[in-house]
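First the proteins, then the strands, lettered A, B, ... as listed; each starts at 1.
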Amino acid sequence: MAETPTRSAARSAGEAAPARARRSRGPRTPRPGPGLPQPPDTAGAEAPDTAVPAAPDTAGTLVGFYRQMLLVRRFEERAARAYTEAKIGGYCHLNLGEEATVVGLMAALRPTDYLFTNYREHGYALAKGIGADRVMAELYGRSTGVSKGWGGSMHLFDAEARLLGGYGIVGGQVPLAAGAALAVSYKGGDDVVMCQMGDGTTAIGGFHEALNIAALWDLPAVFVVVNNGLGMGTAVERSAAEPELWKRGAAYRMASARVDGTDVVAVRDAARLAVERARSESRPYLLEAVSPRLKGHSVVDPARYRSKEEKDALKDADPVARTARRLADAGILSPEDRDRIDAEVTAEVEAAAAFADASPQPDVSTLFDYTYATPVAGEQRRLPADPVFRS
Amino acid sequence: MTEILMPRLSDTMEEGVVSSWQKRPGDEVRAGDVLCDIETDKAVMEYEAYEDGVLDRILVAEGETAAIGAPIAVIAPAGGVPAPDPAPAPARAPVPEPESEPESAPLAVRRPDGARPPSSPLARRLARDHGVDLAALTGSGPGGRIVRADIEAAIRAEASAVPAAPEPVRTRAQDDPDVEAVPLNRFRKVAARRLTESKRDAPHFYLNREVDAGALAAFRATLNEVLAPARVSVNDLVVKAVATALREHPEVNVSYTEDALLFHGRVHVGVAVAVPDGLVVPVVRDADRKSVSRIGAETRELAVRAREGRLGAQDMSGGTFSVSNLGMFGVGSFSAVINPPEAAILAVGAVRDEPVVRDGRVVPGKRMAVTLSVDHRACDGATAAKFLARLAELLENPLLIVA
């Protein structure tokens, strides 16, 4: 267990004010008082074992994971191609290489759990249960898209699927996720908020503020840092004084762990532990999944900061291929099944691209219709060419 | 057959340059293989194939530019006999290549019919308020964008039709009557970009050498007598000598890339040619295997086409070494900028009458200065010096050039 559940300062009741309104949480484990010995910091555990005893995965579950990973892979490859064909505008960040992390994390959530992500979120939307057609249509900026064509690649949003947004500002989603967890806690219920971010985000002020308040107020939030080793092109070691990012949880006395993000089952188990702890005890968690990305930061990044050797090594460590190999070795996935699944997801992605291509562009008159959920005083509905002041 | 189209690789990219092909026609291609490097306005990006097959044809040569969506190559199905030509490109109509467009009038806004010309919001508001038709204006802003000054100029122009209108105030540099802004033509744009790239990226060093050109001049005179009415120039002999020396010194016939040093198996010598509106470097292919007279004929033919603006991009690409000769203008010696991705360029000065020491006596003789500019990333001083020594030997013993 790479946990640091060392909250020693017991607080008197009523101090953690907002969390008190919680209604239907499970029993909370008492915290050690000031005089109690601290549990040892079992830091070396890079891959936490599953404290939640789970039934062994069936072949169907594992093949299902593989299928989802391959769907993310083929979807992102198709998105990259659509970008070169000028079908997709704006920014476009891909989950290529992070499929195991994406699928493992989402497998640990219930459909009613909330998800916040950064701008690298296509795969999360798919694994959260949103159709590839609606996600692709959003990338194409079409009105049939998840965000009705007005969000694009970085701003997928689907309240029904409880995907509360991809966010384009680094770290922008972290305080918002803490706020959503506060809302869950305030209203009651046992939903959990998961907040995904990249390694660079851990150097953003909002990361500290959100984790601090989440720990202070016992919010049911799981913060997930996907550490791909590079903040755009800057190595983690060059930007983080503590490059083992999961250790940052210690600053907030928050349980935290690091997991191999290329192993879908390990990620699912680690995430399940974090999520169920947040659910049953209403305590936040910091999970670090180490998973390289195969390509540049975004589709426009040639990744020249990587040597050819590094690129080749990445290809060899490809989690999708690795998962296929492991399933084949275990006798679960035959080559025929693998090809069939590939053909199926490829067809699904091609159909999504065709659907997106055939969908209409949103009407300009709807540009402001989805900006705010509630009326906002002084809201300006000014189009780019409109004068700043109307005479 | 699948057409490979010029990809859009950044949001601001409108056209791209194929900086190098990683596959050659006939090469097998697998999905995910890097087909070529595309230079965008921002960076050089690798472009990967989406499907398996065999690279059938390259439509846009290295160094050439194509608009987004224009076909740059054709991929044939793997293992299959080359099928008939592909059906016309998919629904997506290729944008016409910018090269086929005329270099149009100064700063004019090119736009499809009916489209609104690019303009700033302020300009649009001013135009609306003063009843100025944007479509009738020519923008002076970046990319032909109509800006406030253009609207104000239009308003003043209209007002000046009325007597006693105030004299327009010249506020912009472009209005300075002593300065004429001539838009950059294609050659100058390409040359500016490539030469800047060369000087910025390639650490140049220079080797100077004086060559005794007496025998060369005599040999040329003899050749011209024999070959008349055909003629060879000193430069043709230099090109042949360079090609011969390159064949013997393959370590100079190279290109530097980030990953590897590329040794070129063939010797293609570029010859810098001045044209009325710039500089072009047509390439004499396999110059080491051609006779001096053939090199001369080809060079003159290329130069004529260059001056008439009829050079195709394939005539100017693929060089492995370049020669620049300013001797005919009386230039004694100079240093040239390397033409990337080549590793070196030879600058040739005039053949001068000079006193020469021969057998301990000062006698009238002929001298020619050559300067070799070398990319130090690709080639070191001693290596280049050996090449230059052999080149000088060839030039001083011109029979060796044709031997």
Task: Flag if over 12 foreign heavy atoms under 6.0 Å of CD1, A:Ile169 - done: no
Open item on the list: Applying a heavy-atom distance below 4.5 Å, give me the residues of residues 69-83 of chain A that approach chain B, sorted by number.
Closed with: A:Ala80, A:Arg81, A:Tyr83
Task: Neighbour count above 12 (heavy atom, 6.0 Å) for A:Phe355 CZ - done: yes
- [ ] For atom CD of A:Glu350, decide whether the heavy atoms of other residues, nucleotides or ligands shown that lie under 6.0 angstrom number more than 12.
- [x] yes
Open item on the list: So for atom CZ, which belongs to B:Arg193, do other residues, nucleotides or ligands contribute more than 12 heavy atoms lying within a distance under 6.0 Å?
Closed with: yes
TODO: Taking all heavy atoms of B:Leu9 and all of A:Val300, pick out the closest pair and write down the distance.
DONE: O-CG1, 3.2 Å
Open item on the list: Other residues, nucleotides and ligands only: do more than 12 of their heavy atoms fall within 6.0 Å of CZ on B:Arg148?
Closed with: no
TODO: May I ask you to check whether over 12 heavy atoms, not counting those of A:Arg238, lie within 6.0 Å of atom CZ?
DONE: no
Open item on the list: For A:Arg306, is the CZ atom crowded, meaning more than 12 foreign heavy atoms sit under 6.0 Å from it?
Closed with: yes
Open item on the list: I need the A:Lys311 NZ to B:Asp259 CG distance, nearest 0.5 Å.
Closed with: 7.5 Å
Open item on the list: So, taking the atom named CE in B:Met45 and the one named CG in A:Asp301, what distance separates them when rounded to the nearest 0.5 Å?
Closed with: 7.0 Å
Task: Heavy-atom pair of closest approach, residues B:Asp37 and A:Arg304 - done: OD1-NH2, 4.4 Å
- [ ] In sequence, state the C-alpha distance, the side-chain angles, and the governing distance for B:Glu48 and A:Lys295, and then conclude on side chain to side chain contact (heavy atoms under 4.5 Å, CB included).
- [x] CA-CA 12 Å; B:Glu48 296 175 356; A:Lys295 300 279 179 173; 2.5 Å; yes
TODO: Name all residues meeting the ring-ring contact (aromatic ring centres under 6.0 Å, His included) criterion together with B:His264; count only those two or more places apart in sequence or in a different chain, and write none if there are none.
DONE: none
